[in-house]
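Contents: one structure, followed by commentary.
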Amino acid sequence: MKYNFRHIEQKWQNAWEEAGIFEAQDNSDKPKFYGLVEFPYPSGAGMHVGHIKAYSGLEIVARKRRMQGYNVLFPIGFDAFGLPAENYAIKTNTHPRVVTDQNIKHFSEQLKRVGFSFDWSRVIDTTDENYYKWTQWIFLKLFENDLAYRDKTLVNYCPSCKVVLSNEDSQNGKCDICGSEVIQKEKEVWYLRITKYADKLLEGLDTVDFPEAIRVQEENWIGKSKGAFVNFTIDGVDEKLRIYTTRPDTLFGVTFMVIAPEHPLIDTYADKITNMDAIKAYRDECQKKSEFERVNLVKDKTGVRIEGLEAVNPVNGKKIPLFIADYVMMGYGTGAIMAVPGHDQRDYDFAKAFGLDIIEVIKGGDMSVEAYTGDGEMVNSDFLNGYTNKKDSIERMIEYLEEKGIGEAGVQYKMKDWAFNRQRYWGEPIPIIHCPNCGMVGVPYEELPLKLPEVEQFMPGEDGKSPLAKIDSFVNCTCPKCGGAAKRETDTMPQWAGSSWYYLRYIDPKNDKALADMDKLKYWMNVDWYNGGMEHVTRHMIYSRFWHHFLYDIGAVNTFEPYAKRTAQGMVLGSDNQKMSKSKGNVVDPLEVVEEFGADTLRTYVLFMGDYGASSPWNESSVRGCKRFLDRVARLADNLQDANVSSLESKLHKTIRKVTNDIEDMKFNTAIAALMTLLNDFEAEKKVGRDQYVAFLKLLNPFAPHLTEEIWQYLGGEGFLSVSEWPVFDEAKTIDATVEISVQVNGKPREILSIAVDADQEAAEKAGLALQKIAKLVEGKRIVKVIYRAGKILNFVAK
RNA sequence: GCCGGCAUGGCGAAAUUGGCAGACGCAAGGGACUUAAAAUCCCUCGAGGUAACACUCGUGCCGGUUCGAGUCCGGCUGCCGGCACCA
């Protein structure tokens with residue numbers, strides 16, 4: 001048979017869709033499998049081949065599981081709110097709805113032409129009002145449970161996009177969307193109290209199957225630390241200066257204190273401070289800096305001594321100087337630290353820069369060179385002297401602090417509450433009403449969805465307000481509680497909102513009574529396998545796990561954790577080994593590959609190119625190699641015979657085992673290599689048994705579904721190969737009677753020996769020594785030891 | 001700086017618990033077929049060495065454990081990702 005992909009792909013895609021063979025059944029006696037891939041943001045640029053690789057992993061697993069008799073839910077949707085559509089709308093004066101619909105259409109076509117076996121009857125779109133109705137519903141629940149609140153704080157602000165950004169959205173001090181420098185601005189913003197779920201998020205990690213690297217990353221993001229709060233005093237005033245430390249046992253080594261430039265203490269005691277001008281100047285300097293500059297660029301320690309105030313170390317009554325410095329953050333701990341220059345490098349650098357005392361309290365380092373952060377015997381520490389175990393000395397000190405009432409044990413998290421709003425149009429309206437009498441009131445549930453109003457202008461207001469603020473008919477409303485005149489919240493939710501619960505909606509995408517029906521949730525949850533990018537492991541994953549934990553607490557879902565298993569794919573790099581990007585001009589469009597080589601070749605290549613979890617560069621010659629492989633598969637269809645070729649049986653069954661196992665381990669590259677090897681073996685024979693060939697086609701089907709369906713039909717097969725039964729290997733046929741083992745002398749491989757797989761050591765030794773080369777090598781030497789591992793090696797240790 | 005991960009031919013990469021390094025594919029070279037090209041098929045393909053074998057070296061670098069190390073341990077170097085003056 002000749003493989004003409006242009007003639008067959010559309011045909012089979014239509015046939016599958018008409019037959020609905022990839023639609024999941026809500027009621028089924030089959031075991032269920034819920035495979036989830038991260039739904040795309042439908043950008044104007046369309047998909048690139050990286051998307052294809054990202055979806056192909058679970059695509060193969062889903063197709064294989066269907067053939068193995070599972071009821072498979074493998075859905076797709078679109079995470080369509082977000083700034084690019086809105087920025088494009090501003091530029092071209094096209095409504096984001098129109099742009100988004102176009103992009104979704106384009107993405108859908110691309111996905112369909114690659115032949116993904118998604119259940120298109122369940123497609124979702126986060127910007128659909130029937131979807132965001134439930135995003136708003138979840139927000140109201142969070143609000144009712146005191147997990148959504150407003151607070152005035154310094155926020156990352158992008159002067160170009162005119163929006164407030166979360167830390168996560170402004171990494172490296174640059175706006176994620178436009179790349180401009182982020183500045184600090186005081187603003188009242190919405191927060192979600194994710195920190196309240198910090199411990200649950202940590203606990204949950206013990207109940208799921210995440211790779212170690214992913215688990216560690218999430219743990220580090222949450223960043224739980226154990227330590228102590230200690231109350232220092234300020235000399236001459238009735239004020240406690242509270243600090244947090246992970247090393248309370250170094251308290252006797254404290255020689256100064258540092259507070260964040262924004263610390264309220266400064267304003268409280270402005271009249272006592274004699275160098276307010278210098279302090280204010282330093283403060284202003286810090287305000288200008290983005291968080292990036294503040295924490296990254298400043299290698300030299302800067303700061304200003306607070307003249308007129310002195311702190312007192314509560315454990316020894318010593319007076320110590322007080323500084324402000326930008327290396328201390330208001331947002332972590334208490335915004336103040338005790339400085340132990342002997343045993344913390346940052347404090348050491350600061351002490352050196354300002355000529356401050358350095359006291360050694362842990363033996364083992366050289367105070368004249370650097371801070372010593374290792375373990376050792378406690379010295380210069382009164383009652384702690386002589387302690388050598390860190391844990392004991394910390395415990396003893398906390399005991400002392402609690403006994404004297406000057407401090408107590410405590411924990412801190414690195415994770416901050418989630419800044420949850422945008423001053424933009426293209427997002428879910430926050431369903432809150434501000435009433436002058438009643439304060440903040442939630443929009444009544446029966447009024448959801450609170451629809452995005454039609455607007456003419458998408459430009460944000462100059463003050464960073466949402467475009468919604470300009471629409472009087474939207475803003476003005478009556479308070480649902482008292483009936484008086486009130487105003488609506490005009491901020492919208494961040495893009496993370498819609499993607500925090502979408503996996504639940506796939507289960508029941510059209511439900512208008514609940515986000516999903518509980519019986520259906522009970523059938524489908526958890527997501528059995530979630531695959532996506534490494535870059536989403538800390539943000540999206542933590543946010544959605546937080547929402548899920550909350551939904552579990554209010555009884556809206558039936559499981560504690562949403563994702564039973566998580567894996568991550570590596571990137572597809574450009575042929576120049578660089579990240580694909582428009583500016584580098586190295587982006588590969590999947591449709592172009594489909595046009596030139598066919599969808600099956602594209603699918604096979606993205607998985608054959610290397611380890612699924614690793615990044616590897618695109619190489620068109622290698623794409624051609626995969627095409628060649630499929631051509632040869634098709635040609636072989638004309639070389640069949642009725643009877644199986646017995647010499648191929650063992651090879652076939654080993655391949656069935658390998659492909660079956662490799663797919664579950666996401667080792668797609670070696671699965672494909674095994675299929676190529678088997679094809680080579682097939683071709684080496686003059687004829688191949690029809691059944692043997694069909695088993696091969698089934699193994700290949702998840703990778704190259706169009707071609708294998710076509711060949712199946714060409715051979716007169718009935719029904720779809722895509723839903724036929726997955727081959728099962730016969731264990732007995734995979735066991736060889738004889739094996740080739742390496743015969744070594746002193747650990748060096750010298751010969752190959754063909755021997756019965758179950759030969760005992762005596763027989764192996766005899767056979768080994770019978771080999772001419774081996775006999776020569778051990779001649780005249782004494783064999784001191786023989787190591788034999790049946791089926792593996794035979795090693796003569798000779799002297 | 002901290003936390004992860006990685007480092008194997010000209011290239012992408014393989015290699016159960018330590019047991020024949022380089023499967024599979026690409027590129028390259030040679031040959032067959034062809035008026036020619038494409039396509040296809042056959043052979044070679046880590047380095048040195050040899051007529052061919054043999055043999056020696058070889059998985060980023062230095063050392064160790066072991067009969068045996070790409071794999072384990074200690075110490076480096078480089079690259080990628082994440083977090084980042086986190087107290």
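Order of the sequence lines sets the chain letters (A, B, ...), proteins ahead of strands, with each chain counted from 1.
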Inset, instruction - Counting heavy atoms from C-beta on, name the nucleotide in B/C20, B/C26, B/C24 closest to the side chain of A/M676. - result: B/C24

Legend entry - Where RNA chain B forms stems, i.e. three or more consecutive Watson-Crick or G-U pairs with both distances under 3.5 Å: B:1-7 with B:77-83, B:10-12 with B:24-26, B:28-32 with B:40-44, B:46-48 with B:55-57, B:60-64 with B:72-76

Legend entry - Of the listed nucleotides B/G19, B/A87, B/A14, the one nearest the side chain of A/V328: B/A87

Legend entry - Closest to side chain of A/R346, choosing from B/A87, B/C67, B/U56: B/A87

Close N or O pairs between protein and nucleotides 4-11 of chain B (under 3.5 Å):
none

Inset, instruction - Would you classify A/N680 as touching base, sugar-phosphate or nothing, given that sugar-phosphate means primed atoms plus P, OP1 and OP2, and contacts are heavy atoms under 4.0 Å? - result: sugar-phosphate

Inset, instruction - Mind checking A/T334 for me? I need base, sugar-phosphate or nothing, with any heavy atom below 4.0 Å counting as a touch. - result: nothing

Inset, instruction - When you get a sec, tell me which of B/C83, B/C55, B/C85 is the closest nucleotide to the side chain of A/M329? - result: B/C85

Legend entry - Rounded distance (Å) that lies between atom P of B/C26 and atom CH2 of A/W618: 15 Å

Inset, instruction - Using a heavy-atom cut-off of under 4.0 Å over every strand shown, decide if A/N795 touches base, sugar-phosphate, or nothing. - result: base

Inset, instruction - Choose from B/A87, B/A54, B/C86 the nucleotide whose nearest atom is closest to any side-chain atom of A/K414. - result: B/C86

Legend entry - Listed nucleotide nearest any side-chain atom of A/R628, set B/C24, B/A27, B/C3: B/A27

Inset, instruction - Check the chi torsion on B/G68 and let me know: syn if it falls within 90° of 0, anti if not. - result: anti

Legend entry - A/T245 side-chain proximity, nearest of B/A87, B/A23, B/A15: B/A87

Legend entry - Residue closer to the 5' end of RNA chain B, A/A673 versus A/K579 (nearest nucleotide): A/A673

Inset, instruction - Decide if the gap between the ring center of A/F323 and the ring center of A/F350 is smaller than 6.0 angstrom. - result: yes

Inset, instruction - Kindly point out which of B/C83, B/G25, B/G19 is positioned nearest to the side chain of A/R632? - result: B/G25

Inset, instruction - Among the candidates B/G68, B/C24, B/C20, find the nucleotide nearest to the side-chain atoms of A/T677. - result: B/C24

Legend entry - From B/C3, B/C57, B/G12, nucleotide with atom closest to A/K748 side chain: B/C57

